[in-house]
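Heads up, the thing below is written out as structure tokens.
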Number of protein chains: 2
Amino acid sequence: MLKLTKRTEYGLIALTHLAQRQGEVVPAREIGDHYPIPRRLLAEVLKDLCNADLVASTRGAHGGYALVRPAQELSLGEIVSALEGAPTVSSCGDENLLHGENSCDVQPICPIRSPLVKIKDKIWQMMLTTSLASLAEPHKPYRSLASQTQANGLVKSSIKSP
Amino acid sequence: MLKLTKRTEYGLIALTHLAQRQGEVVPAREIGDHYPIPRRLLAEVLKDLCNADLVASTRGAHGGYALVRPAQELSLGEIVSALEGAPTVSSCGDENLLHGENSCDVQPICPIRSPLVKIKDKIWQMMLTTSLASLAEPHKPYRSLASQTQANGLVKSSIKSP
DNA sequence: AATTATCGGCACTACTTGAGTGCGGATTGA
DNA sequence: TCAATCCGCACTCAAGTAGTGCCGATAATT
Ligand code: SF4
Ligand code: SF4
């Protein structure tokens with residue numbers, strides 16, 4: 001359905017949070033306290049972002065994560081790409097990586113491959129020109145609006161849905 | 001990973017084929033003969049397209065499928081929407097259908113929901129303004145945004161119909 | 001040095017979705 | 001009647017996603 005994974009969404013949320021404290025080192029704990037996101041998952045995502053060099057990590061007691069670039073220079077495309085790979089509209093890769101894994105039987109005569117690549121490029125282009133700042137900005141600066149809502153810690157009570 | 005399902009791709013292929021014989025009733029058999037697509041799956045997809053009133057089916061001996069509208073008036077958005085539901089970038093529905101199934105714990109304070117909806121709208125808009133005809137005939141330049149012409153770019157000449 | 005708060009890595013389970021398949025029945029033209 | 005076609009339901013198998021557990025490494029604080 002053309003949709004992002006939860007990982008990516010969590011990553012974006014975390015990054016917007018970091019963007020508000022740009023330069024500062026923020027522990028994952030704090031982000032987990034503000035948003036009802038499963039802690040471990042958040043940690044997992046932050047780790048991935050760190051491996052992609054979008055955030056820098058500091059270990060130890062006062063450790064945490066910090067944006068490695070200002071939010072204006074961080075594109076949505078980079079983030080998505082780091083968290084779930086570059087967008088692909090068609091199942092086959094876009095150009096020349098066709099022969100190996102993701103080859104499709106239809107490929108030699110596929111009438112829609114080229115057009116779909118163009119669509120993908122447009123989407124990709126759009127994401128590359130959308131900065132993290134423009135995601136975070138249109139919202140009012142909420143510093144501690146949610147810190148009260150669930151100060152008790154774990155919020156994982158409503159994950160199951162029988 | 002933000003990608004279409006194979007079903008949708010097969011549907012698009014089938015539709016481009018139908019577009020070439022616009023108005024004519026074409027049996028699924030013929031499409032299956034032209035493209036190495038699993039027959040049964042193709043039938044499934046065509047059935048879905050039929051239920052969505054994008055193609056009309058004729059039963060019986062000389063039966064088959066036909067486009068119900070000219071290819072110029074069939075948007076990619078409609079097709080995708082029919083085959084896998086309207087695109088959703090975020091896991092939560094876009095606006096007001098939030099309370100039921102697809103509610104997310106983060107939702108009340110989610111900083112990225114609104115921006116993601118905008119992204120989705122742009123993609124959606126793009127798909128709605130892309131006609132099936134422009135997919136089937138990649139020669140006509142539609143909106144020169146994709147300036148990322150790779151090495152091969154518009155080399156598309158394998159639509160030959162034997 | 002002990003403690004504590006943080007990141008890091010590995011591996012694991014449960015669930016959802018996607019791809020692909022089978023078969024018998026209903027329609028319609030020859 | 002016969003053959004070609006669409007129709008409907010249900011089913012298997014593989015892959016990906018969401019989420020979890022545990023323990024070790026690192027660094028500030030005491
Ligand atoms: S070749 Fe055509 S059908 Fe096969 S994956 Fe690429 S776009 Fe989809
Ligand atoms: S609320 Fe935010 S996190 Fe939850 S699904 Fe919607 S966009 Fe994603």
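Note that the coordinates shown come from a computational prediction; the quantities given were computed from them, not determined experimentally. So you know, we letter chains A, B, ... as the sequences are listed, proteins then strands, and number each from 1.
- Atom CG of Leu49(A) is separated from atom P of dC7(C) by 13 Å (rounded to the nearest Å).
- Nearest nucleotide to the Tyr65(B) side chain, out of dT17(D), dC7(D), dG19(D): dC7(D).
- The side chain of Ser57(B) contributes an N or O atom lying less than 4.0 Å from OP1 or OP2 of dC7(D).
- Separating the NZ atom of Lys6(A) from the C1' atom of dG19(D) is a distance of 12 Å, rounded to the nearest angstrom.
- Phosphate proximity of dA18(D) to Tyr10(A): absent, as no side-chain N or O sits under 4.0 Å from OP1 or OP2.
- Comparing atom distances between the Glu44(B) side chain and each of dC7(C), dA18(D), dT21(C) picks out dT21(C) as nearest.
- Here the side chain of Arg7(B) is nearest to one of dG19(D), dA19(C), dC7(C), namely dA19(C).
- Distances shorter than 4.0 Å separate some side-chain N or O of His62(A) from OP1 or OP2 on dT29(D).
- Across the interface with DNA chain D, nearest-nucleotide mapping of Arg59(B) and Gly60(A) shows Arg59(B) to be the residue nearer the 5′ end.
- Nearer to the 5' terminus of DNA chain C, by closest-nucleotide assignment, is the contact made by Ala61(A) (compared with the other of Ala61(A) and Lys3(A)).
- Both Arg29(B) and Lys47(B) lie close to DNA chain D; mapped to their nearest nucleotides by heavy-atom distance, the more 5′-ward contact belongs to Arg29(B).
- Atom CZ in Arg40(A) sits about 18 Å away from atom P in dA14(C), given to the nearest Å.
- Ala43(B) comes within 4.0 angstrom of no nucleic acid atom, judged by non-hydrogen atoms across all strands.
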